[in-house]
Number of protein chains: 2
Amino acid sequence: MARTREFDEQKVLDAAMRLFWEKGYEATSLSDLTAAMGVQRPSIYSAFGDKKELFEAALRKYNQLHAASIRTKLKKFSSVKQAFRSLFEGIITKAGDSRPDIGCFCINTMVELAPHDPKFEVLTREHQLYLASVFQETIERGLESGELRPDIQAEDLAKNLVVSMIGLTVMMKSRPEQLFAEQSIALTLSLLD
Amino acid sequence: MARTREFDEQKVLDAAMRLFWEKGYEATSLSDLTAAMGVQRPSIYSAFGDKKELFEAALRKYNQLHAASIRTKLKKFSSVKQAFRSLFEGIITKAGDSRPDIGCFCINTMVELAPHDPKFEVLTREHQLYLASVFQETIERGLESGELRPDIQAEDLAKNLVVSMIGLTVMMKSRPEQLFAEQSIALTLSLLD
DNA sequence: TGTATAACATACCGATCAGTAATTTATTTT
DNA sequence: AAAATAAATTACTGATCGGTATGTTATACA
């Protein structure tokens, strides 16, 4: 007994996600959002709540997509060493082709909001924890297959790779020379040898 | 033939630096700044220019202080291994004692502004390059003294440590468990062994 | 000591902010 | 088809934004 919604919630949330991802929370205005989402202001509020709630929904969506993307990338290679090398190389090369380098939405939020909002502190921390578990499972796959040295500490290495990935992703935002980026991860990847 | 300035430029710039460091560029208003600096709005504009220029001055000041702090911390130990361990341990423990964890002003700026403003892209990149050179000199000191294995690649290791430091600093903003943080840097520090 | 000058304080500017009240339009159910 | 209801549209709110014009006060120099 009412009018049907004219927009696809997932599609407009996707647009909001991209905008928040690129510009951050504070620098994104409601006017920016209505323009990018193609939806009027009151419709946004009725569908997603206020700006912070919309941001949270966008980040949750990002984290899901990002986690799936990481899992896919790591499964793509039977060699675990090759999988991680490809993952890190992807961060270096993908970043170079277009301005601005928006990096990782979750990392951006860790910097901008996590220290000031417990909700985002938890949300971002849990995503890192999840990524660490995915990394650990991948390393254990390499241990079981015999590709990796049996004395490797899978848990420590997984967490170390998460930290290196965060550091590399952030560093790429300052557009360092390709050689600098390559050198900076060489030893990280050597931990797998 | 004029009135003398009543405030200490370095002191009020220090106050601005702390505020931008904690809250970021967008979330800090001119009203916040006047309150924290104890200086009226027109005086800020006459002394430092507009908001972006004040932010730039604050970041330049931070980078100087931060670089000096890093140099001091690394010189404090005759053992290079111990110096780097102390540096990384400091990032983990210092972060835990107070909310919010404001992390590193330069890293915050790399995330918030570098992708959207060439001036800050350069400013933040150069700071990372400088830190890498300081790290490299420290590693070379350990090579010359014989503390470190002679086959260590000082340049690669220095850059790797910069990336790990960035990653750890950012990760601490989500307030991970102490054990998680300790584990995540264990292998990084093992690169010195 | 008077005058020029710059730092001070107050008050204001138009623009934009996040959020909403009021109205119109469309659709489902009775 | 009529009534009920929710979505869409328009236009608006008070608050705050970054930045500045204006007037006042203090100090250095002639």
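Labels below follow one simple rule: chain letters A, B, ... track the order of the sequence lines, proteins then strands, and each chain is numbered from 1.
Each of C:dG19, D:dG19, C:dC8 was ranked by its minimum atom distance to the side chain of B:Lys51; first place goes to D:dG19.
Qualifying side chain to side chain donor-acceptor pair (under 3.5 Å) partners for B:Glu26, counting only residues two or more places apart in sequence or in other chains: none. For B:Lys61, the side chain to side chain donor-acceptor pair (under 3.5 Å) partners at least two apart in sequence or on another chain are B:Gln10. Looking at residues two or more places apart in sequence or on another chain, you find no side chain to side chain donor-acceptor pair (under 3.5 Å) involving A:Arg141.
When each of B:Glu6 and B:Lys52 is assigned the nucleotide of DNA chain D bearing its nearest heavy atom, the one mapping closer to the 5' terminus is B:Lys52.
Within the structure, salt bridge (Lys or Arg N to Asp or Glu O under 4.0 Å) contacts touching residues 62-80 of chain B (residues at least two apart or in different chains) do not occur. Each ring pair (Phe, Tyr, Trp, His ring centres under 6.0 Å) pair with one or both residues in residues 147-193 of chain A, not counting sequence neighbours, would appear here, but there are none. Within the structure, side-chain hydrogen bond (donor to acceptor under 3.5 Å, both in side chains) contacts touching residues 78-87 of chain B (residues at least two apart or in different chains) are B:Ser79-B:Glu147.
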Could you pull out every donor-acceptor pair under 3.5 Å between side chains of residues 30-42 of chain B and any protein atom, sequence neighbours left out?
residue, atom, partner, partner atom, Å
B:Ser31, OG, B:Arg41, NH2, 3.0
B:Asp32, OD2, B:Lys23, NZ, 3.1
B:Asp32, OD2, B:Ser29, N, 3.1
B:Asp32, OD2, B:Ser29, OG, 3.2
B:Thr34, OG1, B:Leu30, O, 3.4
B:Thr34, OG1, B:Ser31, O, 2.9

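In this structure, A:Phe77 has its ring center no closer than 6.0 Å to that of A:Phe84.
To the nearest angstrom, C1' of D:dT9 lies 16 Å from CE of A:Met37.
If you check residues 11-35 of chain B against DNA chain D, the residues with a heavy atom closer than 4.0 Å are B:Thr28, B:Ser29, B:Leu30, B:Ser31, listed by number. If you check residues 39-47 of chain A against DNA chain D, the residues with a heavy atom closer than 4.0 Å are A:Gln40, A:Pro42, A:Ser43, listed by number.
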